[in-house]
Number of protein chains: 2
Amino acid sequence: MGKRARTTPTRQTTINDIARAAGVSKATVSRVLNSVETVNEDLAERVRRVITDLGYTPSQTARSLSLGVSRTVGVVVPDLGNPMFHQVLNGFNRAAANDGYHVVVADSFEDPERESVLAQDLRDRTDAVALFSPRMTRAALLELLPRIAPVAVFNRTTGKNAGSVRIDYHAGTIMIARHLIELGHRRIVFLAGPADARSNWEREKGLVEIRQAQPDADIIDVACGYSFEDGYRAWPAVRDTGATAVIAFNDVVALGLLGRLAEEKVSVPDDLSVAGFDDIPFSRYSSPSLTTMTARLADIGEQIWVVLRSEMTAEPLREPIMFSPGLAVRGSTKELS
Amino acid sequence: MGKRARTTPTRQTTINDIARAAGVSKATVSRVLNSVETVNEDLAERVRRVITDLGYTPSQTARSLSLGVSRTVGVVVPDLGNPMFHQVLNGFNRAAANDGYHVVVADSFEDPERESVLAQDLRDRTDAVALFSPRMTRAALLELLPRIAPVAVFNRTTGKNAGSVRIDYHAGTIMIARHLIELGHRRIVFLAGPADARSNWEREKGLVEIRQAQPDADIIDVACGYSFEDGYRAWPAVRDTGATAVIAFNDVVALGLLGRLAEEKVSVPDDLSVAGFDDIPFSRYSSPSLTTMTARLADIGEQIWVVLRSEMTAEPLREPIMFSPGLAVRGSTKELS
DNA sequence: GTGAAAGCGCTAACAC
DNA sequence: GTGTTAGCGCTTTCAC
């Protein structure tokens, strides 16, 4: 007797209380809750009354344990401060909610070590997880994937060990570079992102191709970063190159640079053309508006959800999904005068 | 015999598997997992080995049910597309993660009806919930609060029925208006937000005070909205008033207007001064940079977490926390010439 | 120090 | 159609 793990009850009202008050078994209450048709209508009505009278709502934790499913998924993001991820997350969340799923978000704060732990932890309390632009090594990723399946990955290749959705930064980079070259620019700076970031590496690869195809164009790498401040601070280095155009690692960096240029009385696009990546909402409204690689971020978020949902089925679609970027030519780029 | 609710197991490895493989009881495994000191070191080591060998991680769902606590909280947000909420959410998430809590977010898409349902649902699977700028009526809010406690509310009064954190938009509005009046402006447009939004109402109240204190200043209400597009489209209406300064409902609206003004060749701040609310990151980097009410959004998110955490204790701090805004005077406002 | 077993709040198979 | 009961995977009391 008296062998109980915990004395204090968790919830004030449980299915047992409802059953007792309605004078039925908890099985019947459960049936009513899940609208099983075979319940006698009078009984059902009585149970419903008691439920509303007592203001009862079932514990989703208990339900999850019993069902083996929580209708919740996790997302690991490297930097919740980046508007790009906000957009993708927004689309993902919207699509998930639409299918009756909840999403719990974990920020790894750009720490590759933390990603695996967070992913595992999330997986232990949800039905699946999505990894947004994981920073971990490929080896770590391939080791992690099978452990936390079902899983979908954004912006990394998975070798069909998981569903994946990617933005074709390689093609995007080429688009932007060609655009500037067509405008007559021959001395172009690339403000590079974090050296270890996969997506930066893809941009660099695109530039290598451009350099080969257009030997007369001089594309200069300048180490920069991914934040506003990084773009803001990059100006002196850019100026020293004597370039007439800049390709920034992303829109945030481009906008940071734009802010600095306004202070320095450097006219964009008259004195300098500037382009970015991602088409975050603000890029359309900056002055001048920003020429950028567009990527329909919310749609991508939605697509990641579709892939993740498919991972939760018997036969997931492992074919990598590649989003071809577009080019939004706006006010910040102009023909070389 | 054979009376089982579900045949297929949820997890591939459970605490039972570990116990069996290590030749101990699951109580011992549990002790090792939770680093209870009283376990024999040799046994503990054996258990640990089995755990890593089998790559076992405990089900957090089962753990939550048993403990009666999930170390997860929910947040209901009216619009995940608004950068303002991103900032607050970011601060909140950071602080929560720091205390070992997870956060699951639900977007109500500006639908007041949905807020209550989402809040209750979230509460049924977490330890507490935070309501960000709930749009529901006060009656609905007061009815909901006790049902979902522990709960914290952002930007609404709760009458001490829950912890609350607010931004003093009333004071902020007065600051901005005074700033413009001191610069000599006497004809000022207020681009109003959603009519039913509490925070818009507070701004209006501030303006009423200003109108009394400064009878010579003409402050004109122009219905607008809360989005980029709303600000962008507001230009004709603003022009028709002949105002020399604009107070936008928030930074997003202000930036939308700024974008339009650049297209229309209206010079800011020479022809028109513009100010906003919230100090979202982009406002610092727009051209011109935006004069705005600053609110340290990430700090506020952190504070909401502190309040929510206190709600989870025996004696919560119900004293409403009011954040006094500051004024960041930047490039978009200027003395009337 | 360790194990047996009750309990967290549900669901669903089975018996009646 | 309804109730009884085993079970989801953990934690913790109690007895040894």
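Naming: A, B, ... by sequence-line order, numbering from 1 per chain. What you see is a predicted model, and the numbers here were worked out from it, not measured in a lab.
Here dA13(C) presents its C1' atom at 14 Å from CG of Leu67(A), a figure rounded to the nearest Å. For the pair Asp124(B) CG and dC8(C) P, the computed distance is 18 Å after rounding to whole Å. A straight line from CG of Leu33(B) to C1' of dC10(D) spans 10 Å, rounded to a whole angstrom. The interatomic distance linking Asn34(B) (CG) with dT13(D) (P) rounds to 12 Å, in whole Å. Atom CZ in Arg20(B) sits about 12 Å away from atom P in dG9(D), given to the nearest Å. Between Ile15(A) atom CD1 and dG3(D) atom C1' there is a gap of 13 Å when expressed in whole angstrom units.
Every residue was checked against the salt bridge (Lys or Arg N to Asp or Glu O under 4.0 Å) condition with Arg94(B), not counting sequence neighbours, and none meets it. Every residue meeting the side chain to side chain contact (heavy atoms under 4.5 Å, CB included) condition with Ala22(B), not counting sequence neighbours, appears here in chain and number order: Val24(B), Val47(B), Val50(B). Residues forming a side-chain hydrogen bond (donor to acceptor under 3.5 Å, both in side chains) with Ser70(A) (at least two apart in sequence, or on another chain): Asp127(A). Considering only residues two or more places apart in sequence or on other chains, Pro320(B) meets the side chain to side chain contact (heavy atoms under 4.5 Å, CB included) condition with Lys160(B), Ser164(B). Residues satisfying the side-chain hydrogen bond (donor to acceptor under 3.5 Å, both in side chains) criterion with Arg125(B), sequence neighbours excluded, are Thr72(A), Asp121(B). Contacts of Arg296(B) classified as side chain to side chain contact (heavy atoms under 4.5 Å, CB included), with partners at least two apart in sequence or in another chain: Asp299(B), Phe323(B). Remark: Gln120(B) engages Thr57(A) in a side-chain hydrogen bond (donor to acceptor under 3.5 Å, both in side chains) (not counting sequence neighbours).
Each of Leu65(A), Asp124(A), Leu67(A) was evaluated against Thr61(B); a single residue qualifies, Leu65(A), per the side-chain contact (heavy atoms from CB on, under 4.5 Å) test.
Within the nucleic acid shown, Ser59(A) comes within 4.0 Å of sugar-phosphate atoms alone, with no base atom in reach, counting heavy atoms only.
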Residues Ile304(A), Phe132(A); criterion side-chain contact (heavy atoms from CB on, under 4.5 Å); working and verdict: CA-CA 9 Å; Ile304(A) 298 171; Phe132(A) 282 15; 3.9 Å; yes
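Residues from residues 36-46 of chain A lying near DNA chain C, meaning a heavy-atom separation below 4.0 Å, are absent.
Of the candidates dC10(C), dG3(C), dG9(D), the closest approach to any side-chain atom of Thr28(B) belongs to dG3(C). Set against dG9(C), dG3(D), dT11(C), the side chain of Leu65(A) has dG9(C) as its closest nucleotide. The nucleotide whose nearest atom lies closest to any side-chain atom of Lys26(B) is, among dT11(C), dG9(C), dT11(D), dT11(D). Closest contact between the side chain of Arg11(B) and the listed nucleotides dT12(D), dT11(C), dG9(D) involves dG9(D). Distances were taken from every side-chain heavy atom of Ala27(B) (C-beta onward) to each of dT11(D), dA12(C), dA4(C); the shortest belongs to dA4(C). If you check dC10(D), dA4(C), dA12(C) against the side chain of Arg31(B), the one that comes closest is dA4(C). Relative to the side chain of Arg63(A), the nucleotides dG3(D), dC10(D), dT11(C) differ in distance, and dT11(C) lies closest.
Rounded to 10 degrees, the angle separating the terminal helix axes of the helix from dG1(C)-dC16(D) to dC16(C)-dG1(D), each built from five base pairs, is 50°.
Using a 4.0 Å cut-off, some side-chain N or O of Ser25(A) falls inside it from OP1 or OP2 of dG3(D). For dG9(C), neither phosphate oxygen OP1 nor OP2 lies less than 4.0 angstrom from any side-chain nitrogen or oxygen of Tyr56(A). When the side-chain nitrogen and oxygen atoms of Asn16(B) are compared with OP1 and OP2 of dG9(D), none of them lie within a distance under 4.0 Å.
Contact annotation: side chain of Ser66(A) to base of dG7(D), donor-acceptor pair present below 3.5 Å.
Residues Pro78(B) and Phe109(B) are not in side-chain contact: their nearest non-hydrogen atoms beyond the backbone lie 4.5 Å or more apart.
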